[in-house]
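The structure appears right after this line, and notes come after that.
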Amino acid sequence: MAELCFTDHAPNPDGVGALYGMDMSQFDDYRGMIRELQDGRQPTVFFGIEADYYPACRRHLSGWLSANSFDLVLCSVHYLGNWGFDNPDEMDGWKSADVKGVWLRYFELLGEAAESRLFDVVGHIDLPKKFGHRLRDGILKEMAQPVLDKIAAAGMTVELNTGGLRKPAAEIYPSALLLSLARERGIPICFGSDAHEPQQVGQDFDKALRLAREAGYTDYMRFRRRAKMITPLPTAEHAATPVQREPDVFRRS
């Protein structure tokens with residue numbers, strides 16, 4: 001693997017995501033660990049962050065993100081109000097939830113995130129399917145198109161996240177349907193494995209590459225100091241060993 005971008009969960013003063021994110025006091029340690037790895041050896045290491053979007057986040061992120069020299073800022077939505085809907089410890093919330101309503105509110109928040117212009121990449125764009133709570137294709141298409149329009153207008157990239165294959169959904173984020181809708185709008189892609197353990201880095205990238213090609217993609221985005229770099233997808237003869245060649249978005253938790 002030639003390049004690796006760490007995107008640990010960002011701290012925030014509001015305490016959102018505190019169960020899996022770092023504390024504000026730990027951020028300097030995180031930045032220091034990344035700098036220690038940026039010593040010219042392979043793989044080349046980049047400094048990223050995964051920042052949760054929630055309605056009050058702008059008052060913190062608007063200044064904090066620009067004050068740090070990130071290579072990539074990944075956007076995610078893990079909370080609907082106080083409910084961590086993708087947290088295995090909070091699965092009981094799904095028992096009384098209106099599944100369609102969950103998806104609708106989730107996409108509304110993603111749309112707000114795109115309009116904020118704070119982020120570079122949308123992470124695991126169809127995260128509500130994680131535990132198998134899906135919508136019919138027609139409903140999903142109708143619901144997703146407005147937020148995809150906003151993502152396209154914001155010039156954001158969508159992550160092909162292979163971590164979904166390790167969850168009950170057993171499917172890459174995004175689904176083939178959503179990826180085809182993104183392709184229609186000219187939304188670029190990047191690759192991430194949502195690795196929480198070292199052996200998961202780059203896992204199943206061959207499947208992600210296949211999905212990208214089937215959707216009509218011929219290139220993907222890399223990032224450095226938040227600037228986009230268009231890169232051709234690997235040729236067919238290289239697809240069998242993408243782990244050795246593809247940049248990754250790596251989360252530590």
Side-chain angles (χ1 to χ4, degrees), residues 1-7 43 46 48-50 71-78 86 106-107 110 113-114 119-130 134 137 140-141 144-145 147-148 151-152 154-196 199-224 228-236 238-251:
M1 185 175 291
E3 296 179 356
L4 180 70
C5 183
F6 286 82
T7 57
F46 294 98
I49 202 77
E50 178 180 0
D71 290 300
L72 182 150
V73 177
L74 184 69
C75 170
S76 59
V77 173
H78 292 97
D86 80 313
Y106 173 80
F107 280 141
L110 275 188
F119 310 94
D120 304 312
V121 177
V122 179
H124 41 56
I125 191 171
D126 48 356
L127 184 59
K129 74 182 181 186
K130 178 176 178 177
R134 300 176 183 270
D137 282 353
L140 178 61
K141 183 176 181 179
Q145 289 187 107
V147 69
L148 288 169
I151 290 168
M156 294 179 72
T157 294
V158 166
E159 173 201 37
L160 264 68
N161 181 323
T162 59
L165 292 168
R166 302 190 298 271
K167 306 303 180 184
E171 183 179 68
I172 289 173
Y173 309 106
S175 65
L177 171 61
L178 289 185
L179 188 60
S180 68
L181 294 174
R183 180 73 180 99
E184 289 175 4
R185 289 159 173 77
I187 298 172
I189 57 171
C190 65
F191 292 88
S193 49
D194 212 334
H196 287 240
Q199 65 269 25
Q200 295 172 348
V201 177
Q203 192 172 50
D204 293 314
F205 272 17
D206 55 337
K207 297 181 178 67
L209 284 164
R210 189 179 310 121
L211 180 64
R213 291 195 186 94
E214 289 172 352
Y217 284 93
T218 58
D219 50 46
Y220 65 101
M221 287 294 180
R222 294 157 55 225
F223 291 82
R224 184 168 188 176
K228 298 176 182 177
M229 298 177 285
I230 301 175
T231 306
L233 288 177
T235 56
H238 293 156
T241 55
V243 170
Q244 298 176 358
R245 301 176 182 272
E246 285 296 298
D248 181 40
V249 176
F250 180 27
R251 299 176 186 78

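It should be emphasised that the depicted structure is a prediction, and the values quoted were computed from it without experimental measurement. Position 1 is the first residue of the sequence, and the numbers go up from there.
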### Query
Under 6.0 Å from the NZ atom of Lys141, do we count more than 12 heavy atoms belonging to anything else shown?
no
### Message
For the residue pair Ser193 / Gln203, report whether a side-chain donor-acceptor contact shorter than 3.5 Å exists.
### Response
no
Would you give me the side-chain donor-acceptor pairs under 3.5 Å for residues 169-177, sequence neighbours excluded?
residue : atom : partner : partner atom : Å
Glu171  : OE1  : Lys129  : NZ           : 2.6
Glu171  : OE1  : Arg134  : NH1          : 3.0
Ser175  : OG   : Leu178  : N            : 3.3

### Query
Quick one: CZ on Phe107 to CD1 on Ile125, what's the gap to the nearest 0.5 Å?
6.5 Å
#### Entry: Gap between atom CG of Asp204 and atom CG of Leu211 - 0.5 Å precision
12.0 Å
### Query
By salt bridge (Lys or Arg N to Asp or Glu O under 4.0 Å), which residues pair with Arg185, not counting sequence neighbours?
Asp149
### Query
Under the ring pair (Phe, Tyr, Trp, His ring centres under 6.0 Å) test, which residues partner Tyr217, sequence neighbours left out?
none
#### Entry: With Thr162 via side chain to side chain donor-acceptor pair (under 3.5 Å) - residues at least two apart
none
#### Entry: Asn161 side, atom CG; Lys167 side, atom NZ - distance, nearest 0.5 Å
9.5 Å
#### Entry: Those residues that, when tested against Asp86, pass salt bridge (Lys or Arg N to Asp or Glu O under 4.0 Å) (two or more places apart)
Lys130
### Query
Below 4.5 Å, heavy atoms only, C-beta onward: do Tyr106 and Asp126 meet side chain to side chain?
no
### Message
For the CZ atom of Arg224 and the SG atom of Cys5, what is their distance to the nearest 0.5 Å?
### Response
11.5 Å
#### Entry: Phe223 and Phe46 aromatic centres sub-6.0 Å
no
### Task
Could you tell me which residues satisfy side chain to side chain donor-acceptor pair (under 3.5 Å) with Ser180, sequence neighbours excluded, listed by chain and number?
none
